Undergrad: 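Sharing a structure below in structure tokens format, with a few things to ask.
Note that the structure is predicted; figures quoted are calculated from it, not measured.
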Amino acid sequence: MRTMLLFFALILTTSFTTSYAQTADEVITKYLTAMGGVDNLKKLEGIKMTAKVNQGGMDIPLDIYNLKDGRQMTVVNFQGKVIKQGVFDGTNLWGTNFMTMKAEKSDAEATAMFKTSLGDFPDPFLDYGTKGYKVELVGKETVEGTETFKIKLTKKPLTIEGKTEENVSFYFFDAEDFIPILVESEIKVGPAKGQISQITMSDYQEVNGLFFPFALGQGVKGAGSQPIVITKIELNPQVDPKEFVFTEEK
């Protein structure tokens with residue numbers, strides 16, 4: 001997802017020929033241009049992605065919403081049931097409990113961690129300086145045969161179990177066309193804590209003048225990934241605000 005975009009930074013520490021970007025800012029500028037341009041990105045009010053994920057040989061359809069005001073949700077249609085995950089209504093972060101099929105709020109820490117990324121739509125690199133983010137060009141690295149620029153993106157720190165921790169991701173941009181093909185970050189909570197999360201992006205296609213990856217992979221480094229196929233992307237979708245609202249069942 002490019003917001004998700006995907007949505008998505010790199011830094012060189014060695015010198016290259018003039019055909020390559022020399023600074024993190026130049027890489028990011030060329031990336032945003034390749035995606036369709038800063039002006040077009042700033043006009044976006046929302047993105048809806050229709051996708052499918054294969055589990056156990058079964059394709060499970062998903063609808064993924066991301067709006068400029070921070071609201072988002074993933075809607076899973078499974079065996080005739082509608083399950084919502086990762087829903088943020090502007091105040092609450094919540095999702096459907098798979099066992100009880102009831103809406104449940106995330107705890108305060110998870111909600112606070114989520115809120116550190118508010119304002120990243122449609123891309124964390126868009127006006128990154130005004131967000132207080134830092135970028136660093138780490139170097140050049142080959143990813144599955146593709147030469148890339150590796151950029152370190154440092155966002156607002158996270159508070160986990162009462163401790164302040166770095167909020168860092170590494171983006172790998174194709175050195176020829178400046179589109180991101182891989183994002184890595186350390187997993188901070190849960191059973192996979194301490195391992196490296198990987199998101200791969202490919203099959204970029206144009207949607208109303210902007211470019212998005214239609215093939216994604218998400219997993220843990222060294223343990224394979226879960227493929228997600230995007231079948232349709234709609235810009236500025238009309239969504240009933242009630243769909244995001246957390247309603248506590250009695």
Side-chain angles (χ1 to χ4, degrees), residues 1-11 49 51 53-56 60 62 64 66 70 72-74 76 83-88 92-99 104-121 123-125 128 131-136 138-139 141-144 148-173 180-202 213 215-230:
M1 302 181 261
R2 263 186 207 190
T3 50
M4 286 209 84
L5 278 182
L6 245 277
F7 75 158
F8 327 37
L10 220 235
I11 298 179
M49 290 175 282
V53 58
N54 188 282
Q55 298 222 346
I60 299 175
L62 311 172
I64 305 164
N66 284 276
Q72 69 170 45
M73 68 178 168
T74 297
V76 183
I83 302 168
K84 294 183 179 180
Q85 294 293 300
V87 188
F88 184 67
N92 302 298
L93 180 66
W94 63 277
T96 305
N97 183 306
F98 283 92
M99 297 298 292
E104 290 186 357
K105 287 184 183 180
S106 299
D107 61 31
E109 184 173 272
T111 303
M113 288 175 61
F114 172 83
K115 288 182 177 180
T116 62
S117 295
L118 290 179
D120 279 4
F121 179 91
D123 193 289
F125 292 111
Y128 73 87
K131 299 172 186 174
Y133 298 172
K134 296 180 180 179
V135 296
E136 176 188 350
V138 176
E141 194 167 313
T142 300
V143 177
E144 295 187 352
T148 69
F149 294 114
K150 181 179 180 181
I151 285 187
K152 177 182 179 182
L153 173 65
T154 303
K155 299 168 60 173
K156 298 173 184 177
L158 303 171
T159 300
I160 301 173
E161 297 179 351
K163 298 180 180 179
T164 300
E165 296 196 19
E166 274 193 324
N167 187 2
V168 171
S169 297
F170 293 92
Y171 288 74
F172 298 79
F173 293 89
I181 62 172
L182 173 66
V183 183
E184 292 186 339
S185 58
E186 181 182 347
I187 299 170
K188 300 291 187 179
V189 296
K193 181 178 180 180
Q195 298 187 63
I196 302 301
S197 165
Q198 289 188 321
I199 298 174
T200 59
M201 295 158 285
S202 59
L216 306 171
Q218 186 169 7
V220 174
K221 188 174 183 178
S225 64
Q226 177 69 63
I228 301 173
V229 177
I230 309 297

Undergrad: Rounded to the nearest 0.5 Å, what separation is found between the CD atom of Glu184 and the CD1 atom of Ile199?
TA: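 Here the rounded value is 10.5 Å.
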Undergrad: Determine whether Phe172 and Gln198 make a side-chain contact, defined as any pair of heavy atoms from C-beta on separated by less than 4.5 Å.
TA: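 Not touching, per the 4.5 Å side-chain cut-off.
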Undergrad: For Val168, does its backbone N or O pair with a side-chain atom of Thr154 as donor and acceptor, under 3.5 Å?
TA: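 Not a single qualifying donor-acceptor pair exists.
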Undergrad: Could you report the tightest heavy-atom contact between Phe88 and Leu93, atom names first, then the distance?
TA: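 Of all heavy-atom pairs spanning Phe88 and Leu93, the closest is CD1-N, 4.0 Å.
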Undergrad: Is it true that a side-chain atom of Gln226 and a backbone atom of Asn54 form a donor plus acceptor pair closer than 3.5 Å?
TA: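 Answer holds: yes.
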Undergrad: Over all heavy atoms of both residues, which pair between Ile228 and Ala51 is shortest? Give the atoms and the distance, please.
TA: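 Heavy atoms only, the tightest pair is CG2-CB, 4.0 Å.
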Undergrad: So Ile181 and Val143, do their side chains get closer than 4.5 Å, heavy atoms only?
TA: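 Side chain of Val143 against side chain of Ile181, heavy atoms only: contact under 4.5 Å found.
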Undergrad: Do the side chain of Thr200 and the main chain of Gly217 share a donor and acceptor less than 3.5 angstrom apart?
TA: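 Yes, the answer is positive, given that a donor and an acceptor are paired below the 3.5 Å cut-off.
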Undergrad: Under the criterion side-chain hydrogen bond (donor to acceptor under 3.5 Å, both in side chains), which of Lys155, Lys131, Gln72 is the partner of Ser117?
TA: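 Only match with Ser117 under side-chain hydrogen bond (donor to acceptor under 3.5 Å, both in side chains): Lys155.
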Undergrad: Rounded to the nearest 0.5 Å, what separates atom CG in Leu153 from atom CZ in Phe125?
TA: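 Atom-to-atom, Leu153:CG and Phe125:CZ are 4.5 Å apart.
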Undergrad: Over all heavy atoms of both residues, which pair between Ile83 and Phe98 is shortest? Give the atoms and the distance, please.
TA: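 Residues Ile83 and Phe98, closest heavy atoms: CD1-CE2, 3.7 Å.
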Undergrad: What are the two closest heavy atoms between Pro227 and Val53, and how far apart are they?
TA: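 Looking at all heavy atoms of both residues, the shortest contact is O-CG2, 3.5 Å.
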Undergrad: Nearest 0.5 Å, please: how far is CD in Glu165 from CD1 in Ile160?
TA: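 The distance works out to 4.0 Å.
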Undergrad: Rounded to the nearest 0.5 Å, how far does CD of Glu109 lie from CD of Glu161?
TA: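 Interatomic distance, Glu161 CD to Glu109 CD, rounded to 0.5 Å: 6.0 Å.
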Undergrad: Enter the distance from Glu141:CD to Phe173:CZ here, rounded to the nearest 0.5 Å.
TA: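 Output value for this atom pair is 13.5 Å.
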Undergrad: Just by modelled atom types, is the Lys84 backbone N or O under 3.5 Å from a matching donor or acceptor in the Thr96 side chain?
TA: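 Yes; judged by distance alone, with no hydrogens or angles, the pair exists.
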Undergrad: Any donor-acceptor pair under 3.5 Å linking the side chain of Asn167 with the backbone of Leu158?
TA: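 A pair under 3.5 Å: no.
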Undergrad: If you take all heavy atoms of Pro157 and Thr164, which pair is closest and at what distance?
TA: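 Distance-wise, the nearest heavy atoms are CB-CG2, 3.7 Å.
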Undergrad: Which atoms form the tightest heavy-atom contact between Asn66 and Phe121, and what is the distance?
TA: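 The pair with the smallest heavy-atom distance is O-CE1, 3.4 Å.
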Undergrad: Let me confirm one number: the CE-CG distance from Met49 to Leu216, rounded to the nearest 0.5 Å.
TA: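 Nearest 0.5 Å value for the CE-CG distance: 7.5 Å.
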Undergrad: Within the structure provided, determine whether Glu186 and Ile196 are in side-chain contact (heavy-atom separation under 4.5 Å).
TA: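 Yes - at least one pair of side-chain heavy atoms lies under 4.5 Å apart.
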